[in-house]
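Report on one structure; see the data block that follows.
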Number of protein chains: 2
Amino acid sequence: MSKAADHAYAEIRSLILSGDAPPGAPLTEEALADICGVSRTPVREALRRLESELYVVRSDSQRLFVADWSRDDLAEMFTLRAMLEAHAAARAAVRIDPAGMEAIAACNARIASAVAGPTPEVGAFLSENRRFHEIVIAAAASPRLASMLAALVEQPVVRRTAARYGKDELSRSVHEHGELIKAFAARDPEWARAVMTGHIRRAFHAFSAAAPLSV
Amino acid sequence: MSKAADHAYAEIRSLILSGDAPPGAPLTEEALADICGVSRTPVREALRRLESELYVVRSDSQRLFVADWSRDDLAEMFTLRAMLEAHAAARAAVRIDPAGMEAIAACNARIASAVAGPTPEVGAFLSENRRFHEIVIAAAASPRLASMLAALVEQPVVRRTAARYGKDELSRSVHEHGELIKAFAARDPEWARAVMTGHIRRAFHAFSAAAPLSV
DNA sequence: GCTGAAACTATTGTATACAAATATGGGTGG
DNA sequence: CCACCCATATTTGTATACAATAGTTTCAGC
């Protein structure tokens with residue numbers, strides 16, 4: 001997407017995730033166009049995308065509302081992500097090339113150093129962690145999988161902007177990433193799948209514990 | 001989507017699947033608008049949808065082309081479908097209600113009768129088979145899963161419009177559907193998952209054997 | 001006071017015009 | 001003869017105007 005449509009997408013998503021547009025709130029194209037400072041056309045494209053990612057839902061007759069995710073929805077999102085990303089890891093294990101191996105190892109080293117100090121740099125952790133998973137998905141070389149995961153990856157994470165990760169959890173992540181790299185080095189798809197499954201599901205339970213009722 | 005956009009979607013997809021727009025062919029919005037008899041606006045929406053379903057791909061700078069699916073792409077599509085639809089079956093096994101059970105049993109009965117005669121009614125089989133899988137997905141009660149599968153289910157099937165199913169394969173399907181219904185009755189998610197995995201993967205190999213080189 | 005229909009308002013869908021960006025072709029200099 | 005650059009044409013992106021449709025209010029009649 002291009003500038004205006006992309007901007008509208010980011011702005012509307014931020015309205016939703018920040019809570020300014022609470023679950024169930026109606027969204028009209030014109031109001032959003034005013035807020036974003038663009039015309040309805042790019043807003044419509046942004047809304048289509050948000051709809052396909054289930055940030056917004058469409059009523060019986062084409063009116064849009066902010067989606068309301070139940071606890072079950074979140075659990076299902078994590079389950080799907082675990083399944084798909086584990087599959088990506090299995091594919092990546094037999095497809096990743098030396099450059100990819102180098103990149104992923106370097107990435108995990110940066111994550112480790114972000115976590116190393118007495119006060120972990122959460123921002124750096126999050127962005128590098130994201131990069132790590134992107135490398136795995138890229139190495140899986142399945143555009144379809146990539147497009148499915150794109151709609152899925154960020155959603156639950158973004159909500160807890162507070163990001164109260166404990167330091168032990170962060171270093172556990174680093175360790176699990178290291179295991180995944182070992183599975184890649186061994187070119188063992190099932191090992192990679194198992195590591196990734198555990199990695200995501202542990203993140204899910206950490207998430208559930210951190211956000212017990214609010215979401 | 002509404003009338004014009006929906007019509008454009010159907011028309012463009014048909015162009016692609018019929019081969020009138022072969023893999024790699026460039027698609028310009030204006031030409032498609034002329035063909036469909038609508039303006040560019042609904043064509044753009046249709047193209048976004050086709051892009052998200054990977055019928056078309058976007059070049060480095062926003063030009064669209066008919067996608068070219070390799071054998072690996074098709075294999076990956078079936079793998080993903082097997083994984084996701086097996087997951088849907090597992091969820092459905094513990095969620096389906098009596099009305100759903102009745103509907104799915106009736107549906108499989110209709111499939112069986114379409115296959116029963118000396119010359120199977122392929123058209124009826126296809127539409128009822130589609131309905132069968134829709135019931136499973138609906139019973140899974142996961143909008144996210146449903147939207148992912150929607151983009152995945154039809155694609156390989158539609159290509160082989162010839163539909164040279166052997167009669168034994170058709171009745172094998174009926175039998176596997178029956179197994180799935182039994183797994184549902186037992187409310188056994190893992191049984192349902194295993195049955196559905198086998199069902200889709202068998203379909204994949206039948207498909208590969210029937211379309212060995214052309215796709 | 002309640003029900004229903006009709007007028008009205010709000011919102012989405014489509015078409016068109018224009019702006020921005022990108023590819024293409026021809027010409028020029030090396 | 002090839003490489004590069006600029007002018008032109010094509011294509012996509014955005015804004016706006018208008019049409020169609022869904023929702024809301026008001027008022028008549030019971």
Side-chain angles (χ1 to χ4, degrees), chain A residues 1-16 20-68 143 146-147 150-151, chain B residues 1-16 20-68 143 146-147 150-151:
Chain A
M1 280 195 202
S2 59
K3 218 177 45 180
D6 229 341
H7 171 247
Y9 171 82
E11 187 119 356
I12 296 168
R13 199 182 71 152
S14 141
L15 282 177
I16 295 172
D20 287 350
L27 298 171
T28 69
E29 295 172 357
E30 200 164 354
L32 294 170
D34 284 352
I35 292 172
C36 302
V38 298
S39 84
R40 276 179 53 209
T41 310
V43 167
R44 282 174 68 86
E45 290 199 359
L47 286 172
R48 290 276 180 207
R49 188 166 153 202
L50 290 163
E51 185 192 359
S52 82
E53 296 170 0
L54 298 187
Y55 282 101
V56 305
V57 295
R58 200 172 280 270
S59 81
D60 56 341
S61 222
Q62 305 305 94
R63 279 169 167 70
L64 289 169
F65 302 85
V66 178
D68 189 6
S147 81
Chain B
M1 280 194 200
S2 60
K3 220 177 45 183
D6 230 341
H7 172 246
Y9 171 83
E11 187 120 357
I12 296 167
R13 199 182 72 153
S14 141
L15 282 177
I16 294 172
D20 288 350
L27 298 171
T28 69
E29 295 174 357
E30 199 163 354
L32 293 171
D34 284 351
I35 292 171
C36 300
V38 298
S39 84
R40 274 178 55 210
T41 311
V43 168
R44 282 175 68 85
E45 290 198 0
L47 287 172
R48 291 275 179 207
R49 189 167 153 200
L50 290 163
E51 184 192 0
S52 82
E53 295 171 1
L54 299 187
Y55 282 101
V56 305
V57 294
R58 200 171 278 271
S59 80
D60 55 342
S61 221
Q62 306 305 92
R63 278 168 169 70
L64 289 169
F65 301 86
V66 178
D68 189 7
S147 81

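Order of the sequence lines sets the chain letters (A, B, ...), proteins ahead of strands, with each chain counted from 1. Below, each value reflects all heavy atoms present in this structure, side chains not excepted, and no hydrogens, waters or symmetry copies.
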Minimum-distance nucleotide to [X] side chain [options: [options]]:
| X | options | answer |
| --- | --- | --- |
| A:Arg40 | D:dA17, D:dT12, D:dA15 | D:dA17 |
| B:Arg58 | D:dT14, C:dT22, D:dG13 | D:dG13 |
| B:Pro42 | C:dA23, C:dA15, D:dT14 | C:dA15 |
| A:Glu29 | C:dT12, D:dT12, C:dT22 | C:dT12 |
| B:Val38 | D:dT14, C:dT11, C:dA15 | C:dA15 |

Ignoring backbone atoms, test whether [X] places a side-chain nitrogen or oxygen under 4.0 Å from the OP1 or OP2 oxygen of [N].
| X | N | answer |
| --- | --- | --- |
| A:Thr41 | D:dT14 | no |
| B:Gln62 | C:dA21 | no |
| B:Arg44 | D:dG13 | yes |

Euclidean distance, atom [atom1] of residue [X] to atom [atom2] of [N] [Å, nearest integer]:
| X | N | atom1 | atom2 | result |
| --- | --- | --- | --- | --- |
| A:Leu64 | C:dA10 | CG | P | 19 Å |
| A:His7 | D:dT14 | NE2 | C1' | 15 Å |
| B:Phe65 | C:dT22 | CZ | P | 14 Å |
| A:Lys3 | C:dA19 | NZ | P | 15 Å |
| B:Asp6 | C:dG13 | CG | C1' | 12 Å |
| B:Glu45 | C:dA15 | CD | P | 11 Å |
| B:Arg63 | D:dA9 | CZ | P | 16 Å |
| B:Leu32 | D:dT11 | CG | C1' | 12 Å |

Do B:Glu45 and A:Arg44 have side-chain heavy atoms sitting under 4.5 Å apart?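 They are in side-chain contact.
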Please examine the side chains of B:Leu32 and B:Leu47, heavy atoms only from C-beta on, and report whether any two atoms are closer than 4.5 Å. yes
From A:Glu30 CD over to A:Ile35 CD1, what is the distance, rounded to the nearest 0.5 angstrom?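 Reported value, rounded in 0.5 Å steps: 11.5 Å.
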To the closest 0.5 Å, what do you measure between CZ (A:Arg49) and CD (A:Glu53)? 5.5 Å
Counting any heavy atom closer than 4.0 Å, what does A:Leu47 reach on the DNA or RNA strands: base, sugar-phosphate only, or nothing? nothing
Given the rule in the side-chain contact (heavy atoms from CB on, under 4.5 Å) test, do A:Leu27 and A:Leu15 qualify, once you have shown the distances and angles that lead to the verdict? CA-CA 11 Å; A:Leu27 298 171; A:Leu15 282 177; over 6 Å; no
